[in-house]
Structure formats: structure tokens, C-alpha cells
2 protein chains.
Amino acid sequence: MLKRLIFSTFGANNVVVKKVSIKDVAKKAGVSIASVSYVLNNRKDSRISEDTIKKVKNAAQELNYRPNKIAKSLKTQRTFTFGLLVADIANPYFSQLARIIEDAAKHIGCTLIIGSCDEDKEKFEDLINTFCDRQVDGLIIAPVANSANFLERIQKQAIPFVLIDRYIPSLRATTIGIDNTEVTFKGTEHLIKNNRKKIAFISYITDLQHLLDREIGFKNALKAHKVPIKNSRLIKVDKDFIDRDIDKNLKQLLTPNPVIDALFFSSNKLAVAGLKTLVKLGIEVPEKIGVLAFDEVEAYKVFKVPVSHIKQPLYEIGVQAVTQLEKMIKDPQTKFQKTTLEASLIVGASS
Amino acid sequence: MLKRLIFSTFGANNVVVKKVSIKDVAKKAGVSIASVSYVLNNRKDSRISEDTIKKVKNAAQELNYRPNKIAKSLKTQRTFTFGLLVADIANPYFSQLARIIEDAAKHIGCTLIIGSCDEDKEKFEDLINTFCDRQVDGLIIAPVANSANFLERIQKQAIPFVLIDRYIPSLRATTIGIDNTEVTFKGTEHLIKNNRKKIAFISYITDLQHLLDREIGFKNALKAHKVPIKNSRLIKVDKDFIDRDIDKNLKQLLTPNPVIDALFFSSNKLAVAGLKTLVKLGIEVPEKIGVLAFDEVEAYKVFKVPVSHIKQPLYEIGVQAVTQLEKMIKDPQTKFQKTTLEASLIVGASS
DNA sequence: TTTAACTGATTAAACGTTTAAGCAATAAGT
DNA sequence: ACTTATTGCTTAAACGTTTAATCAGTTAAA
């Protein structure tokens with residue numbers, strides 16, 4: 001065992017033991033490194049005596065040997081690492097999802113690398129490249145707008161990935177998500193049935209299809225119920241200035257007297273910004289204005305009345321993502337698959 | 001839950017293209033692999049002709065060569081990867097911090113692996129072991145209770161780490177955090193000065209020193225202002241049953257008539273649970289009860305009045321963690337250091 | 001008794017890099 | 001003209017694993 005003395009500032013013991021490798025274990029056990037490898041990976045297909053097994057295990061234990069996964073990965077061409085790419089890990093939607101995916105990945109022996117790209121195409125591509133350079137076994141991606149070409153290149157490099165949250169119409173790829181059009185339709189219908197017909201729909205200026213779908217679902221519901229669609233009630237805000245835009249628009253719609261009777265927020269961040277403004281303006285919910293929001297964040301429960309919202313099946317999305325990715329890795333011939341999960345309308349007291 | 005499956009005709013990769021390696025580039029450029037390595041790492045210390053440089057760069061470009069970081073890591077013994085270990089990445093406190101750390105790490109060319117341990121010692125040790133097996137260059141850790149011994153072992157293995165959020169009194173280690181005692185003192189004093197003297201302090205049943213410090217700060221402030229300390233106002237909840245315990249205790253303290261005039265929540269999760277209960281019970285804030293909370297989450301802004309809270313300097317914590325870790329990696333002789341950053345009291349309208 | 005089969009181990013090549021050392025060829029110094 | 005430097009490149013050894021191939025014994029079969 002090689003020991004080297006360093007001037008450690010850590011604690012009392014300044015003798016640092018060089019990392020023990022398979023070679024050290026072999027020497028200690030008095031066998032070849034191959035034998036050590038066979039034993040420690042307990043490969044039933046190889047022939048090793050009970051005696052050797054014992055010697056190796058003892059040596060490994062005594063030396064506190066831990067296999068170097070980097071070396072293992074280089075040889076086996078598997079890193080047991082997934083890359084998770086989201087818009088922003090600080091957004092509760094993604095951090096909750098990340099947690100679920102982390103657990104599901106750990107469950108099958110894999111580790112997660114996480115990256116946030118802020119909906120920026122360049123950061124998006126950079127991060128995916130970084131993940132690939134690190135030889136991740138697969139990727140779980142919430143794709144940004146206009147990433148079809150780039151993702152096609154990744155497909156050609158035979159790196160398996162699954163798309164979550166968003167999808168790309170032009171891309172044949174395994175995708176997991178909800179039916180945004182349908183659930184927004186359902187939500188809108190709920191408002192209409194509660195006799196709210198002057199609904200403002202708050203969304204982003206965006207190219208992301210799943211968000212455009214929500215708008216479509218909203219319009220479809222109005223049409224289906226013969227409620228006229230007014231452009232002045234289709235609010236689109238700049239994602240980089242949510243608070244400012246929401247503030248301005250809500251003030252316009254709600255003061256001095258509301259010209260609408262409901263607000264439908266198409267994302268959690270929009271909703272939180274909107275709720276803040278509603279509190280500030282002192283608008284009575286649900287008396288004056290009904291509120292329906294997307295996703296599920298703790299703020300909805302702290303608002304003066306529990307906020308009605310559309311809840312995505314985060315757990316299923318995360319587990320499906322990992323499961324399907326694993327399948328693609330194990331069998332590269334796996335067919336592409338689009339999985340649509342059911343989102344649910346949670347009716348609080350705000351609508 | 002599973003709604004509909006659409007199968008595509010073709011699998012992901014019918015033709016598997018082998019990854020291009022440095023060898024391929026060398027062959028294409030008509031030079032040795034050493035030359036390729038020297039060029040691509042543009043090492044000024046080595047001698048290479050302009051001609052070779054051009055040939056190599058062209059070849060690399062044409063083949064779309066990307067160096068295999070796993071192989072590089074094995075050789076250089078550096079992975080440019082940090083492990084971040086938190087209690088729960090889905091907790092906004094940690095996810096915001098993770099985002100900041102991710103960015104700071106990327107800024108110096110490093111990638112993050114994130115793990116959540118749920119305050120569980122076994123998961124904690126497992127995850128750190130996993131990180132070490134993957135040869136991370138360093139760790140950023142929010143340590144769980146009673147992890148001193150384990151962390152000492154890690155120190156002996158010469159894996160640099162910095163502690164965030166929490167600290168371990170018995171451990172000599174680089175630590176970044178706030179002065180919990182002091183800022184809780186300040187917060188309590190703020191309540192007292194606003195003539196609230198019957199304060200309930202909501203905390204966890206815990207061994208975590210930083211949380212115990214908050215309780216100490218609270219008591220110190222009461223003493224300093226000659227307010228009697230009542231045990232019935234020191235509420236300790238089970239972290240696994242926050243909603244249940246908060247509900248029960250607040251009901252007891254607040255109904256039918258409040259026996260207290262303020263609530264001080266010692267964490268964001270406790271506060272959110274508490275706010276929910278306050279809404280449910282219809283308690284008037286700040287008229288009947290003052291509220292002060294720890295940390296900063298969006299829910300505080302959506303409550304009927306903006307919640308006064310103690311804001312930690314997340315950005316500084318994250319940046320310091322990465323900066324100091326980098327220093328420790330570059331120079332293993334770096335002395336350990338305890339950094340205390342300033343938390344601020346944000347006065348809303350709830351207190 | 002000879003050969004074949006089996007058993008339990010070892011040797012060595014490979015994974016894709018980096019980098020010290022070596023080797024020609026040319027330039028410079030005396 | 002002869003040594004010495006310098007330049008530009010290559011060779012080959014490592015990093016810590018896995019694993020195919022091989023080898024020496026032993027046992028079973030002929």
C-alpha cells in the first residue's frame with residue numbers, strides 16, 4: 001500500500017492513503033487482478049474457488065476497496081449516468097420532476113447529471129454536448145423551441161433520449177407528456193360551466209408547441225360552447241418579464257372595474273405572478289374573478305382560497321421517462337413511442 | 001393513467017455508428033494520436049507545426065470529433081465533476097441553491113451530480129460513496145445529523161468538500177453558512193419591538209445544529225427583552241408529518257381564541273404548512289397574529305399579506321461554495337475555513 | 001495408459017486518452 | 001567541420017478496469 005505524506009489541514013491525521021485499486025486487492029489476496037474482478041463482479045459464468053472468493057472479499061474489505069467507475073465505464077462503455085435537461089431546475093415543476101427522476105434512476109443503479117438551459121437554444125445544445133462528452137447512457141430532455149435539427153443529430157449519434165413535458169411535432173422520438181389541448185379544454189369548460197364566460201387566457205410569447213396547444217384547447221372550448229373569442233383576452237407575456245407584463249395586463253383587465261370574470265394561467269410561474277398581482281389589487285377571488293392555473297405549486301394552497309389547477313402526473317412522467325429510456329438503452333431497436341398521460345383538474349375554491 | 005400509445009415503424013438506431021476517437025482523427029490527418037492530442041488541447045509547451053495543426057483541426061472538424069471525457073478523466077485523474085448533496089432537491093431552498101451552484105460550476109468548466117438524501121444517514125452515505133466512486137473532484141454537502149464520523153473518513157480519503165447550510169461543530173471542515181443564532185435573534189427582536197411578546201416558535205424535532213441554533217437565538221432574544229420563555233410555545237414537529245403536526249398545534253394555540261400573538265417558523269416548509277393552516281382557520285394576519293418565516297419562497301408573496309421572512313444570501317452561498325471548493329482542489333494544502341454570510345430580515349406586512 | 005474434459009487460475013489486450021521520452025532532421029554555435 | 005540545440009513528430013507507457021484466450025492441473029472416459 002502506497003502511502004504519501006501530505007501537509008493536510010484536515011483533522012488530526014495527515015497520512016493520506018492513495019486510492020486502493022484492484023491491483024492492491026490482488027496483491028493482498030495473492031491472486032491475479034482478473035480473479036479479483038471476477039469475484040467482485042460475482043460472475044457466475046467464470047470459475048472461481050470458494051477459497052479465492054473468500055481471500056478476495058477479505059482483502060477488498062480490509063483495504064476498503066471501491067471500484068473506480070471511471071475506469072469501469074471506459075472499458076464497458078456504460079456509465080450508468082443519465083443527463084436530465086430542463087429549462088430551470090429552480091422551477092418547482094422541474095425540481096419536483098427531477099427528484100422523481102433521480103429516485104427512479106437510482107432505483108436502477110443510475111446517477112443523474114442535471115442541466116438548466118433557460119429556454120436558450122445555445123445553452124441547450126452546449127449542455128447536451130457536455131452530457132454526450134461525458135458518455136451518458138441516455139438523456140431525458142425538456143426540449144427548447146426549434147431544437148428539432150439538433151436532436152436529429154443526436155439521434156444519428158445513437159444516443160437514446162426521451163422527451164418530457166414538451167414535444168416536437170416534426171421529430172420522431174420517444175415522448176412522454178400530457179394532452180395539453182384536451183386538459184385545457186376541460187379546464188376552460190369547467191370555468192364556463194361555473195358561468196364564467198369572460199375568460200382571459202394568460203400565456204407566453206412562445207414557439208413551444210405544448211404551450212400553443214394549451215391556447216388551442218382554450219379556444220376550442222370557447223367555440224364548443226359558443227363563447228366568442230376576444231383577442232384582448234389572449235394575453236401573451238414575455239418570459240423574461242413575467243411580473244412586469246402580468247402586472248400591466250391584469251391591471252388593465254381588472255381595474256377600475258373588471259372586464260373579465262376569470263383568469264386561466266397556462267403555467268405555474270404565470271399563475272404565481274398573477275396571484276401576487278391579485279393580492280396587491282385586492283381583487284376578490286372567487287367572487288369577482290375566477291382563477292384556474294396550470295401545474296401544482298405550494299403557493300396555490302397559501303392563497304386566500306385554494307387555487308383550482310391542472311395537475312400533471314409528475315410521478316408517472318418521471319418513472320415512465322426512466323423506464324422507457326432504460327428500455328431504449330438495453331435494446332436500441334426499441335420503437336419510438338409517444339406516451340400520453342392523464343392530467344387532472346383539481347377544483348379548489350378559486351373558480 | 002396510461003392513455004394512448006402510438007408506435008412508430010422504425011426503431012431508434014438501425015445503423016449503429018461507432019463513435020469517432022482520437023485514433024480516427026489521427027488516421028484521417030495522417031499524424032500520430034499524440035499530435036492530435038497536443039493540437040486539440042492546444043498545448044503551447046509542445047512543438048507542432050502550423051501545417052499539422054491545420055491538418056488535425058480539419059480532420060477533427062470533418063469527423064465531428066468529440067473527446068471522450070471518461071478516457072480523459074481516467075488518464076488525468078480529474079473529472080471536472082462536483083457532487084452536490086442536499087436533503088431534497090424538490091425543496092425550493094435547495095433547488096434555488098442548486099441552480100446557482102450549477103451555474104457557478106459550469107462557469108469554471110465543471111458539471112454537477114445532484115443527490116437527495118431525505119435527511120437519512122444511510123442514503124447520505126450511499127450517495128457520497130457513489131459520488132466518490134465516480135471520482136468527483138469535490139463535494140458540496142448539506143450534511144445530515146450525526147455525519148461527523150463519516151465525513152472524517154471522507155477527509156482521510158483526501159476528497160475535498162465544503163459544507164453548506166448546516167455545519168458540524170465537532171468537525172474541522174470548510175463551511176459556508178449564515179449565523180443562525182444571530183439572525184433568529186434579530187427576527188425575534190423585530191417581533192418583540194412590534195409589541196408581540198407571546199411568540200410561538202415552530203421548529204423540528206432534530207439534531208441539526210443550525211436548527212438548534214435558531215431556537216437558541218429565539219430564546220436569547222426573549223431573555224434579552226425579559227420576555228418569559230414558555231415551553232408550550234416551543235413547538236417541535238416531526239419532519240415526516242409536518243402538515244399533521246402543524247395543523248394540530250396551531251389549532252391548539254389559535255382556537256377558539258389565540259393564546260399567542262405571533263408565529264415564527266424556522267423553515268420554509270414549516271411556514272408554508274403554517275400559512276395553509278392560517279388560511280384554513282381564517283386567522284387574521286397581521287391583526288390577530290404576526291408571522292415571521294425563514295427562507296424565501298414564492299408562497300410568501302401570494303399569502304394575503306406579504307410574509308416577513310429571513311432571507312439567506314443564496315447566491316453568495318452557492319458562489320462561495322464553488323469558489324472555495326475549486327481552491328481546495330487546486331491546492332490541497334488550503335486551510336479549512338468557516339465563512340459566515342449575512343442573512344437579512346425582509347419585513348413584509350405579516351408582522 | 002492415453003486422451004479428453006473439466007477446473008481454477010493467469011496473461012495480456014483493450015477501452016480512449018495524456019504525456020514523458022526518444023528520434024530524426026535541421027539550425028546554430030564554436 | 002564537429003558538436004550542440006532546436007524543431008517537429010512518434011513511440012510507448014500509463015490510468016484502472018473487463019474479459020477473451022490460455023495454461024497447468026486434476027479428473028473422467030476410453
Side-chain angles (χ1 to χ4, degrees), chain A residues 1-2 17-57 59-60 63-81 132-137 157, chain B residues 17-57 59-60 63-81 132-137 157:
Chain A
M1 191 183 334
L2 197 68
V17 186
K18 196 186 174 293
K19 274 200 180 123
V20 346
S21 77
I22 198 172
K23 213 182 277 180
D24 303 311
V25 178
K27 201 155 76 184
K28 175 134 195 165
V31 298
S32 71
I33 61 168
S35 298
V36 176
S37 178
Y38 287 131
V39 171
L40 265 27
N41 291 302
N42 61 322
R43 311 220 10 175
K44 252 226 102 197
D45 54 319
S46 191
R47 301 159 302 206
I48 10 176
S49 69
E50 279 305 317
D51 182 53
T52 305
I53 292 181
K54 196 165 286 175
K55 281 193 292 183
V56 168
K57 286 192 171 166
L63 295 176
N64 194 24
Y65 168 69
R66 309 230 45 157
N68 181 326
K69 298 235 172 171
I70 294 290
K72 185 172 199 151
S73 290
L74 180 59
K75 180 62 196 175
T76 62
Q77 307 286 59
R78 292 272 273 114
T79 56
F80 293 96
T81 305
C132 293
D133 292 350
R134 281 164 189 272
Q135 316 294 120
V136 295
D137 292 339
Q157 292 172 228
Chain B
V17 191
K18 200 180 171 298
K19 273 194 180 130
V20 350
S21 78
I22 198 172
K23 211 182 278 180
D24 303 312
V25 178
K27 200 156 78 186
K28 174 133 193 165
V31 298
S32 71
I33 62 168
S35 298
V36 175
S37 177
Y38 287 130
V39 171
L40 264 27
N41 291 302
N42 60 324
R43 311 218 11 173
K44 249 228 104 197
D45 54 318
S46 190
R47 301 156 302 205
I48 9 175
S49 69
E50 280 305 317
D51 183 52
T52 305
I53 293 181
K54 195 164 288 173
K55 279 192 294 181
V56 168
K57 285 192 170 165
L63 295 176
N64 194 25
Y65 168 69
R66 308 229 44 152
N68 181 326
K69 299 234 175 180
I70 294 289
K72 184 171 198 153
S73 289
L74 180 60
K75 178 64 195 174
T76 61
Q77 308 285 61
R78 291 275 272 115
T79 55
F80 293 95
T81 306
C132 293
D133 292 350
R134 283 165 187 272
Q135 316 294 120
V136 295
D137 292 339
Q157 291 171 230

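Side chains included, hydrogens not; waters and symmetry mates left out as well; all remaining heavy atoms used. Convention: sequence-line order gives letters A, B, ...; per-chain numbering from 1. For clarity, every value in this text was computed on a predicted model and none was experimentally measured.
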Looking at [X], I'd like to know whether one of its side-chain N or O atoms comes within less than 4.0 Å of OP1 or OP2 on [N].
| X | N | result |
| --- | --- | --- |
| A:Ser37 | D:dT17 | no |
| B:Ser32 | D:dT10 | yes |
| B:Asn41 | C:dT18 | yes |
| A:Tyr65 | D:dT17 | yes |
| B:Ser49 | D:dC9 | yes |
| B:Ser46 | C:dT19 | no |
| A:Thr52 | C:dG8 | no |

To the nearest 0.5 Å, what is the distance between [atom1] on [X] and [atom2] on [Y]?
| X | Y | atom1 | atom2 | answer |
| --- | --- | --- | --- | --- |
| A:Lys19 | A:Asp24 | NZ | CG | 12.5 Å |
| B:Asn68 | A:Leu74 | CG | CG | 6.5 Å |
| A:Lys27 | A:Ser21 | NZ | OG | 9.0 Å |
| A:Thr76 | A:Asn41 | OG1 | CG | 9.5 Å |
| A:Lys72 | A:Ile22 | NZ | CD1 | 9.0 Å |
| A:Ser73 | B:Lys69 | OG | NZ | 15.5 Å |

Can you tell me how far [atom2] of [N] sits from [atom1] of [X], to the nearest Å?
| X | N | atom1 | atom2 | result |
| --- | --- | --- | --- | --- |
| B:Lys55 | D:dG8 | NZ | C1' | 11 Å |
| B:Leu40 | C:dT18 | CG | P | 8 Å |
| B:Ile22 | D:dC15 | CD1 | C1' | 15 Å |
| A:Asp45 | C:dG8 | CG | P | 14 Å |
| A:Asp133 | C:dT17 | CG | P | 10 Å |
| A:Leu63 | D:dG16 | CG | P | 15 Å |
| A:Ile33 | D:dG16 | CD1 | C1' | 8 Å |
| A:Lys19 | D:dC15 | NZ | C1' | 12 Å |

Next on the checklist: Quick check on DNA chain D: between B:Ile48 and A:Asn68, whose nearest nucleotide comes earlier from the 5' end?
Outcome noted: B:Ile48

Next on the checklist: Show the nearest heavy-atom pair for residues B:Thr52 and B:Ser35, with the distance to one decimal.
Outcome noted: CG2-CB, 4.4 Å

Next on the checklist: Restricting to non-hydrogen atoms, name the atom on A:Gln77 and the atom on A:Asp137 that form the minimum distance, rounded to 0.1 Å.
Outcome noted: O-OD1, 4.5 Å

Checklist entry - Between residues 69-81 of chain A and DNA chain C, which residues have a heavy-atom gap below 4.0 Å? => result A:Leu74, A:Lys75, A:Gln77

Item to check | Among D:dT11, D:dT19, C:dA9, the one nearest A:Arg47 by side-chain distance | outcome: C:dA9

Item to check | Candidate nucleotides C:dT18, D:dT17, C:dT10, ranked by approach to the side chain of A:Tyr38 - the nearest | outcome: C:dT10

Item to check | Touch class at under 4.0 angstrom, heavy-atom based, for B:Ser35 against every strand present | outcome: base

